[in-house]
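The shown structure was predicted, so the numbers you read here are calculated from the model rather than taken from an experiment. As the structure lists them, so they are numbered: ligands from 1, and atoms in each ligand from 1.
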Amino acid sequence: MNRDLPLQVAIDGPAASGKTTVARATARRLGILNLDTGAMYRAVAYLALRTGTDVDNDSALVRMLDQQPVTVELDQSAPLGFRVFGGGQELGERDLQANDVTAIVSAVSANPGVRAAMVVSQQAIASRWPVVMAGRDIGTVVLPNAQVKIYLTASTGARIYRRRLQLERAGVNVDSHRLAQEIEERDRLDATRAVSPLAPAADAHVIDSSDINADEVVDKICAIVANAR
Ligand code: DC
């Protein structure tokens, strides 16, 4: 393993597989920082809606980001372990998890220029500090030399249940009929896009969390981290 790098734990997986909760708890347990990169793509989608920018127009989105950058501040005392800013304003769970943001985030994140901008700041963070980073392409593209790579999966039923809890906690209206559809459609778009599609890295440890709780997943990840050191 690469001992010159600060510790990097990459956690990838499909929508609502538990990455956010598990990444946050793993980072706490290891005493290191946490970044859920989905929040950055959600911030771009939020700004696209606010500015009326076409979700398929890569260069217009990149221009929008030049004027209104998406930035993150890693802060263990923040509810998620990090804060996300879009156009200078802090964006909360309610903004980022809003149904209209979720509806366009896969399209927005399929744009190569948008991804390049996000990946630069993700890599800059991980080169400086030990971090747990969650997303879709962390083990494959963002941190290909991460010492620990996890691919977290769960059954569709478990993912629907978790997404419902997450939305309720964020104070977002839950439309039960559309939840399964939304999750499946995002998985399809995220796994079939041309740039950095969702996929397990060849050296990822696959963990199925359908029948185990978040604490047990964190136990498994911490055991893998301890072995890698
Ligand atoms: O993890 P999430 O549901 O908050 O992510 C929202 C969207 O962002 C997801 O549907 C695809 C995109 N995303 C991405 O393309 N790459 C990442 N590393 C993280 C998220």
Side-chain angles (χ1 to χ4, degrees), residues 8-24 34-49 55-56 58 61 65 70 72 79-82 84 86 91-123 125-126 131-144 146 149-154 156 159-160 162-167 169-170 172 178-201 204 209:
Q8 299 177 346
V9 179
I11 305 183
D12 291 301
S17 55
K19 297 183 303 293
T20 305
T21 308
V22 163
R24 173 87 173 115
N34 169 50
L35 176 61
D36 182 356
T37 59
M40 298 174 72
Y41 291 98
R42 286 175 179 274
V44 181
Y46 175 90
L47 291 176
L49 282 176
V55 297
D56 297 316
D58 194 26
L61 289 167
L65 287 174
V70 165
V72 290
L80 294 174
F82 59 90
V84 186
L91 302 176
E93 276 282 87
R94 219 185 166 123
D95 304 312
L96 299 175
Q97 297 296 334
N99 290 319
D100 52 355
V101 167
T102 300
I104 63 161
V105 68
S106 286
V108 165
S109 62
N111 289 287
V114 169
R115 299 203 71 78
M118 297 301 108
V119 169
V120 165
S121 47
Q122 292 158 9
Q123 290 176 333
I125 287 168
V131 71
V132 177
M133 200 174 281
R136 301 292 189 290
D137 59 340
I138 309 302
T140 50
V141 174
V142 181
L143 306 178
K149 297 181 186 177
I150 306 294
Y151 190 80
L152 193 60
T153 63
T156 308
R159 294 195 288 133
I160 291 170
R162 285 172 194 163
R163 179 99 183 113
R164 176 192 303 281
L165 287 186
Q166 183 189 27
L167 290 177
R169 264 200 311 264
V172 174
R178 284 187 30 209
L179 263 191
Q181 233 179 326
E182 173 238 302
I183 288 176
E184 279 167 7
E185 177 63 357
R186 273 204 301 139
D187 285 353
R188 192 184 64 73
L189 293 173
D190 296 344
T192 57
R193 69 178 175 224
V195 196
S196 311
L198 166 69
S209 68

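Taking only nitrogen or oxygen atoms, main chain and side chain alike, D137 reaches within less than 3.5 Å of ligand 1. In terms of polar-atom proximity, defined here as any N/O pair under 3.5 Å, R42 does make such a contact with ligand 1. Residue-to-ligand polar distances place T37 within reach of ligand 1: an N/O pair is separated by less than 3.5 Å.
Side-chain atoms of R162 and S209 include a donor-acceptor pair closer than 3.5 Å. Side-chain contact annotation: R42 with S109, donor-acceptor N/O pair under 3.5 Å absent. There is no side-chain donor-acceptor pair under 3.5 Å between Q166 and R169.
Counting protein heavy atoms only, atom 16 (N) of ligand 1 is closest to R115 NH2, 3.0 Å. The closest protein non-hydrogen atom to atom 3 (O) of ligand 1 is R186 NH1, 2.8 Å. Closest protein heavy atom to atom 2 (P) of ligand 1: R136 NH2, 3.6 Å. Of the protein's non-hydrogen atoms, the one nearest atom 8 (O) of ligand 1 is Y41 CB, 3.5 Å. Among all protein heavy atoms, the one lying closest to atom 10 (O) of ligand 1 is D190 OD2, 2.7 Å. Annotation: atom 12 (C) of ligand 1 to nearest protein heavy atom, S109 OG, 3.5 Å.
Shown here are the side chain to side chain donor-acceptor pair (under 3.5 Å) partners of K149, two or more places apart in sequence or in another chain: D203. Taking the side chain to side chain donor-acceptor pair (under 3.5 Å) definition, one finds that R186 meets it with E182, sequence neighbours left out.
Ion pairing between a basic and an acidic side chain is recognised when a charged N comes within 4.0 Å of a carboxylate O; D187 and R159 show such pairing.
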Go through the steps for L35 and M40 under the test side-chain contact (heavy atoms from CB on, under 4.5 Å), then give the verdict.
CA-CA 9 Å; L35 176 61; M40 298 174 72; 4.1 Å; yes

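Here CG of D95 is found 11.0 Å from CG of L49. Values are rounded to the nearest 0.5 Å.
Ligand 1 lies less than 4.0 angstrom from a heavy atom belonging to R193.
Under a 4.0 Å criterion applied to the non-hydrogen atoms of S106, ligand 1 contributes the atoms 10 (O).
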